[in-house]
Each structure stands twice: as structure tokens, then as C-alpha cells.
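See below for the structure under consideration.
Computed from a prediction, not measured in an experiment: that's the story for all the values here. What's counted below: heavy atoms across the whole structure, side chains too, no hydrogens, waters or symmetry copies.
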Amino acid sequence: MKPVIILWVFLVSFATAGKHLNANGPFGKRHNDDDELTRRECKRPPGEVSSSRNIAVASLNVSSTIYSSNELITITWSSPLTTCHDDYIGIYFAETPITSACSYFDNEVVNNTQSSTSWRMINLRCPLEFRYFSREQNCSGNYSIIARSPAIQPRNYNEPTQIHLAYGDRADQMFVSYVTNSSQWIPQCQYGLVPSLLNFRQNGTTTTYTASDMCEGKANKWGPRTFIDPGYMHTILLEDLRPSTTYYYRVGSDEHGWSSIYSFTNRPANENETVYMIAYGDMGLAPYAPGSKFTTDRVTARATSFNITCLLHIGDISYARGFGAQWDAFMTQIEPIAAHIPYMVAIGNHEYDHVLGGDKDPSGAPGPGGFRPEWGNYAYDSGGECAVPMVHRFHSPSNGNSLFWYSFDVGPVHIIYYSTEHDFRHTSPQYAWLEQDLRSVDRSRTPWIIVGSHRPMYASETDEPYDFTKIILQLSLEPLFYKYHVDVNLFAHKHSYERTCPMFQQKCVSDGITHVLIGMAGQDIDSGQYSGAAWSRYHDQEYGYSQLWANRTYLYFSYYHNSDDMIADQFTLEK
């Protein structure tokens with residue numbers, strides 16, 4: 001039997017690792033799976049994909065040579081340049097040789113009726129350039145450059161970007177984080193109770209990482225579609241914040257400039273107050289993740305218009321997989337949400353899973369590739385990142401193991417994040433921590449317990465009939481969660497939505513755990529069949545997000561479709 005299991009694991013691991021390869025780049029240009037026009041040529045050895053013949057290079061006109069993050073730049077050309085069906089415009093480091101046709105961050109195939117294109121910019125803290133390439137020899141040869149733009153550069157190389165919030169250890173604390181191009185000056189946050197008087201100030205700390213800090217593969221290699229300098233990540237811990245109070249803030253420094261003014265409302269200290277949370281998993285970067293823009297837009301509207309307390313992102317965050325600029329793009333994408341409400345993340349396979357380089361694994365897991373049992377389908381899904389970008393970019397309370405497992409209170413709710421990418425069995429350190437944390441919960445203060453992790457404990461989709469990880473999760477953790485009366489178990493990984501009855505050991509019971517699969521935030525949606533399991537109360541395969549609100553007596557859970565922002569499923573639990 002053992003060889004069969006190993007073969008199954010290999011096949012599933014291979015499929016899982018290949019399922020979410022990023023076809024697009026960070027500037028939002030959509031490429032279909034069959035749109036491999038330029039990438040086909042880029043699979044050739046370096047130096048064989050672009051001609052160095054002497055040709056006249058025309059000019060691409062740009063609407064601006066200076067930009068801020070998220071600003072739109074339009075590129076135009078005065079006469080038809082297109083000669084081949086797979087001509088394209090790419091965006092490059094300005095210093096990249098013009099013979100390196102395939103060394104782009106992102107590209108867009110253009111047609112013979114086109115004379116303009118627009119690009120949404122992200123601040124990569126370096127000069128960039130647009131270049132137009134066409135193929136020689138009646139469209140069957142190598143690419144040659146036929147037009148290029150002047151260099152474009154950020155208006156401020158040290159513009160505070162990627163601003164986001166996270167909870168600290170105490171209810172009166174808040175982490176505020178952002179990115180610039182320099183560590184020369186001490187990062188600061190100015191904040192106050194009205195936007196016109198930011199009379200409180202707090203300094204922070206700075207960190208960064210480089211290619212050699214990560215475990216293996218693409219993440220270790222410098223290049224526009226592999227590792228790039230991520231800039232410097234600055235974090236300020238605000239303390240002595242009043243509960244349920246709105247603060248206005250900005251980040252930066254006098255020397256490098258300041259961000260716009262944002263606001264957040266601190267979580268309540270009183271467990272009698274009602275809290276509102278957004279929850280989802282598997283978002284990814286638009287437009288490659290087809291639902292991600294709509295989810296971001298819907299949730300941004302809620303975060304800025306309603307009293308949302310925090311957001312729970314249950315793993316598979318950016319799907320960068322060693323493509324460093326994808327992190328810049330994703331953090332820019334979520335800034336309208338994360339600059340207003342704490343963005344609390346859990347670890348997924350696409351942030352963590354690796355095969356080698358375990359001495360650089362920030363989780364401290366033993367072995368070269370961490371937790372890789374033969375019954376699991378743990379593959380190479382992080383592209384070698386092994387969570388290094390995650391732990392530098394995001395923050396969490398320090399009561400567990402960094403971002404890998406930790407817990408926090410939000411009003412009447414105690415939330416526990418655990419990791420399915422690490423050993424969760426009875427003999428593991430994570431299990432011991434989980435049991436201790438569950439045992440310590442004061443149900444008179446936080447009557448609700450929500451646990452969350454990436455891989456599902458229950459799902460009735462039949463695309464993986466031999467998902468042993470689900471079985472081992474049920475054997476290892478379900479009795480523990482039932483013993484301590486966990487109310488809701490959130491997970492993702494499958495790109496769909498499903499809700500169970502309150503259940504235990506495959507059966508609906510009155511005092512059971514409600515399991516909710518919320519992996520529908522953006523990445524390619526599932527299309528598999530369902531088994532018809534009796535415990536499955538609702539499921540569908542649509543893009544969307546979920547919202548919870550809870551007081552001491554009731555917990556309401558609603559699932560919204562992106563298509564119309566209407567409730568598709570909901571349930572209520574009562575104490």
C-alpha cells in the first residue's frame with residue numbers, strides 16, 4: 001500500500017504545484033493560459049530571444065514620465081507599429097539591455113488597430129521603461145525592439161506605500177506598516193483624534209530581506225520576474241489606544257515625505273460590544289486571479305462605509321511564488337482595505353511550502369522542507385519563499401509562533417490561527433500550543449471561539465477523493481476543537497464556498513463545530529462535483545467574501561457573491 005500512497009502524493013503534489021503558476025505580471029495585464037506568445041520564445045536560452053541588428057527605434061509617447069503608486073500612465077504611438085500577431089509592449093528596468101526582450105515585469109500583446117495602451121503603475125522604487133517588440137523573418141524569427149519610451153520614475157522614490165494595519169499583543173495596540181526605498185531616516189507615525197490635529201507621534205523600526213534569505217529556487221534569483229529589491233519595511237507599534245475609538249494617521253518622515261491621512265477604529269475592550277469581521281482565503285493578484293478585483297472593490301466599500309473591525313485572510317495571500325514584484329502589486333491592491341482595518345493573515349501553502357533550504361525557514365520547522373509527511377500533498381508551492389516575505393511584511397500578536405500560529409481577541413470573539421503547513425498532530429509543538437491556548441480561553445469574556453487555517457478539515461468536492469490531509473486533520477484536531485467547544489472552523493485552499501451543519505466526526509450534532517470553506521476570494525474558481533454528503537448544508541462555486549458579526553449572544557455569518565453583492569448563504573449561532 002505504501003508505494004501507492006507515495007505515487008498518489010507525487011501526482012497530487014505535481015498538480016497542486018502547477019495549478020497556480022502566475023501567467024501575468026504585477027502591472028495588471030491579463031494573460032490567458034493559451035496566451036503564451038511571448039513566453040514561448042522566452043523559454044529559449046538567454047541571448048537567443050532578441051536580435052541585435054541595427055534598426056531605427058521609434059519613440060513611444062507617455063502621458064507622464066513621473067508617477068505615484070496606483071497612477072495610470074497612457075502609452076501612445078503616432079503611426080502603426082504592429083506587424084505581427086504577437087507584437088507586445090513590455091515594462092522593463094530602464095537599465096535592462098534592449099536585446100533582453102523577455103526580461104520584462106509585465107507585457108501586453110498589441111494588435112494592428114491599436115495606437116495606445118494604459119498601465120496602472122506600482123512604485124517599484126526604480127526607473128522603468130516601456131518597450132515595443134516585434135518579431136523578424138515574417139513573424140517567425142527573434143524579437144527586435146522597434147520603439148521605446150523615455151525613462152519613467154516614481155515621483156518620490158521614498159513614497160510611503162503598501163500601508164497596512166495589524167493587531168498587537170494587547171487591545172490598546174496597533175501595528176502600522178509601510179514600505180519605502182530607504183532606511184536612512186527613522187520611520188514615524190503621526191496620529192490623533194481628528195485629521196487636522198495629528199498631535200501624537202511614534203517612531204518605528206525597519207527591516208528588509210534579500211534573495212539569499214529565502215529557501216530555494218526562483219525566490220533566490222535576481223530578475224524582473226524573480227526576486228527584486230523589496231525596499232524597506234517600516235513598522236510602528238502604536239500603544240495606549242482607546243477602545244472603540246477612531247484615530248487618524250499618516251506615516252513617513254519629514255525628510256522623505258508623508259502619506260495621505262488614513263483612519264482606523266480600534267477594537268473594543270468591552271466584550272458586550274458587537275464586532276464585524278470580513279473573512280476569505282485564496283485572493284491573489286488581479287487580474288490573473290479573476291475574482292480578486294471585485295472582492296477587493298466590494299470589501300473596500302464595506303471597510304470604508306461600515307464599522308468593520310478587522311479582516312481575516314486565511315492563507316494563499318498574493319501567490320507571488322518567488323516573483324517579487326507581485327508582492328509590491330498585491331500590497332498596493334489591498335492598501336485601500338488594510339490601511340483602514342487590521343489585516344490579519346494566516347499561512348497558506350503558496351506562502352510557505354518548500355523542499356530545501358530549511359535552515360532559512362523562519363518558522364523553525366525541522367528538516368530541509370519542513371512538514372512533508374508521505375500522506376500529504378505538500379509541494380513547492382511558495383516558489384522557494386518559505387514565508388520570508390510574509391514574516392517581513394505582516395505582523396501579529398507574539399503569543400504563538402510568529403504568523404504561523406497565534407491568537408487574539410476581538411470583542412466577544414477569541415480567534416486562533418493554526419497552520420496546516422506545519423505538523424499539527426498530537427506530538428507536535430503546535431498541538432501543545434493549540435491545547436494550551438484553547439484551555440486558557442475565558443468564555444465569560446469571549447464566549448465565541450473561531451479557529452482558522454488554510455487547508456480544509458471538511459469539504460465535499462470530489463476532485464481529491466484521497467485527500468489524506470483532511471483525514472489526519474479530523475483525527476488530530478477535531479476532537480480537540482470539540483472538547484473545547486469551538487464554534488466555527490474557517491479554512492480555504494479549495495476555491496469555492498461550503499458550509500456544514502454543526503458537526504462532529506462526520507455527523508450533525510447540536511453542540512458541534514460549524515465548518516466553513518471560504519476559498520472563493522479571487523483565484524481561479526473550482527468546477528468539480530460534490531459528493532452529496534449529509535453534513536453539507538450549502539455550497540457553490542462563485543467568487544465572493546464572507547462577513548461575521550457577533551455579540552455575546554449571537555454570531556451571524558453571511559456569504560456574499562461578488563456579482564451582485566447579495567447574500568447567498570447565511571447562518572446564526574446562539575449562546
Would the number of heavy atoms belonging to other residues, nucleotides or ligands and lying under 6.0 Å from CZ of F294 be above 12?
-> no

Just checking, any donor-acceptor pair under 3.5 angstrom between side chains of T265 and T246?
-> yes

State whether a side-chain donor-acceptor pair under 3.5 Å links S398 with D169.
-> yes

Donor-acceptor pair, Q333 side chain versus F330 backbone, under 3.5 Å?
-> no

Return yes if some donor-acceptor pair links the side-chain N/O of T309 with the main-chain N/O of V275 below 3.5 Å, else return no.
-> no

On a heavy-atom basis, the closest approach of A550 and V413 is CB-CG2, 3.8 Å

Member of H392, E385, R393 meeting the side-chain hydrogen bond (donor to acceptor under 3.5 Å, both in side chains) criterion with Y209 | R393

With the threshold set at 4.0 Å, does a side-chain nitrogen-carboxylate oxygen contact exist between E159 and R125?
-> no

Mark yes or no for whether S453, through its side chain, and Y418, through its backbone, hold a donor-acceptor pair below 3.5 Å.
-> yes

L72 vs W119 side-chain heavy atoms within contact, under 4.5 Å | no

Rounded to the nearest 0.5 Å, what separation is found between the CD atom of E335 and the CD1 atom of I337?
-> 11.0 Å

Is any NZ, NE, NH1 or NH2 atom of the basic residue among E273 and R267 found under 4.0 Å from an Asp or Glu carboxylate oxygen of the other?
-> no

With the threshold set at 4.0 Å, does a side-chain nitrogen-carboxylate oxygen contact exist between R443 and D409?
-> no

The reported gap from CE in M344 to NE2 in H395 (rounded to nearest 0.5 angstrom) is 11.0 Å

Taking the inter-plane angle between the rings of Y556 and Y554 on a 0 to 90° scale, is it parallel (under 30°), tilted (30 to 60°) or perpendicular (over 60°)?
-> parallel

Do Y497 and D569 pass the side chain to side chain donor-acceptor pair (under 3.5 Å) test, and can you show the C-alpha distance, the side-chain angles, and the key distance before you say yes or no?
-> CA-CA 10 Å; Y497 173 87; D569 181 46; 2.6 Å; yes

Is it true that H164 and Y343 have ring centroids separated by less than 6.0 Å?
-> no

4.5 Å side-chain heavy-atom contact, S496 and H539 = no

Distance (rounded to the nearest 0.5 Å) between C386 SG and M214 CE = 8.0 Å

Rounded to the nearest 0.5 Å, how far apart are CG of N158 and OG1 of T180?
-> 4.5 Å

For residues N349 and H454, is any side-chain donor paired with an opposing acceptor at under 3.5 Å?
-> yes

For the residue pair H256 and N156, what are the closest heavy atoms and their distance?
-> O-ND2, 2.7 Å

Show your reasoning for whether ring-ring contact (aromatic ring centres under 6.0 Å, His included) applies to Y458 and H515.
-> CA-CA 7 Å; Y458 282 100; H515 302 269; 4.9 Å; yes

Mind checking whether T206 and P187 have side chains closer than 4.5 Å, heavy atoms only?
-> yes

Distance-only polar pair, side chains of R302 and Y545, donor-acceptor under 3.5 Å | yes

Taking the side chain from D282 and the backbone from H493, do they hold a donor-acceptor pair closer than 3.5 Å?
-> yes

Run through Y378, Y352, Y431 and flag the one making a ring pair (Phe, Tyr, Trp, His ring centres under 6.0 Å) with H422.
-> Y352

Is any side-chain heavy atom of T235 closer than 4.5 Å to a side-chain heavy atom of V176?
-> no

Would you please classify the geometry between the Y406 ring and the F408 ring as parallel, tilted or perpendicular, with 30° and 60° separating the classes?
-> parallel

Minimum side-chain heavy-atom gap Y262-P336 below 4.5 Å = no

Donor-acceptor contact below 3.5 Å, side chain R499 vs main chain Y538 = no

Between the side chain of S428 and the main-chain N/O of D423, is any donor-acceptor distance below 3.5 Å?
-> yes

Could you tell me which non-hydrogen atom of T514 sits nearest to which non-hydrogen atom of T500, and how far apart they are?
-> CG2-O, 3.5 Å

Could you state the interatomic distance from OH (Y249) to OG (S259), rounded to the nearest 0.5 Å?
-> 7.0 Å

Check whether any side-chain heavy atom of L128 sits under 4.5 Å from a side-chain heavy atom of F105, and report yes or no.
-> yes

Report the relative orientation of the aromatic rings in Y280 and H313; use parallel for angles under 30°, tilted for 30 to 60°, perpendicular for over 60°.
-> perpendicular

Answer yes or no: is there a donor N or O on one side and an acceptor on the other, between the side chain of N399 and the main chain of S407, under 3.5 Å?
-> yes

Heavy-atom distance under 4.5 Å between the side chains of T295 and D297, does that happen here?
-> no

The single option from L403, L312, V345, L490 passing side chain to side chain contact (heavy atoms under 4.5 Å, CB included) against Y417 | L312

Do side-chain atoms of N401 reach the backbone of S363 as a donor and acceptor pair under 3.5 angstrom?
-> yes

In terms of heavy-atom contacts, does CZ of R445 have more than 12 from other residues, nucleotides or ligands at under 6.0 Å?
-> no

Assess whether side chain to side chain contact (heavy atoms under 4.5 Å, CB included) is satisfied between F175 and F394, documenting all intermediate values.
-> CA-CA 9 Å; F175 286 112; F394 292 99; over 6 Å; no

So, N562 side chain and G522 main chain: donor-acceptor pair closer than 3.5 Å or not?
-> no

Is the backbone N or O of G252 less than 3.5 Å from a side-chain atom of W185, with the two atoms forming a donor-acceptor pair by type?
-> no

Within-4.5 Å side-chain heavy-atom neighbours: M390 and I347 = yes

What heavy-atom pair brings I341 and C310 nearest, and what distance separates the two atoms?
-> CD1-C, 4.2 Å

Does atom CD1 of I567 have more than 12 heavy-atom neighbours, drawn from other residues, nucleotides or ligands, at distances under 6.0 Å?
-> yes

Rounding to 0.5 Å, atoms CG (N123) and CD (Q153) come to a distance of 10.5 Å

Salt-bridge criterion met for D487 and K575 (N-O under 4.0 Å) | yes

Between V486 and I513, which heavy-atom pair has the shortest distance, and what is it?
-> O-CG1, 3.5 Å

Residues K360, D213: salt bridge by 4.0 Å N-O rule = no

State plainly whether the residues R455 and E421 are in salt-bridge range, i.e. N to O under 4.0 Å.
-> yes

Anything under 30° is parallel, anything over 60° is perpendicular, the rest tilted; go ahead and classify W433 against W405.
-> tilted

Of all the heavy-atom pairs spanning S546 and A279, show the shortest one and how long it is.
-> OG-O, 2.7 Å

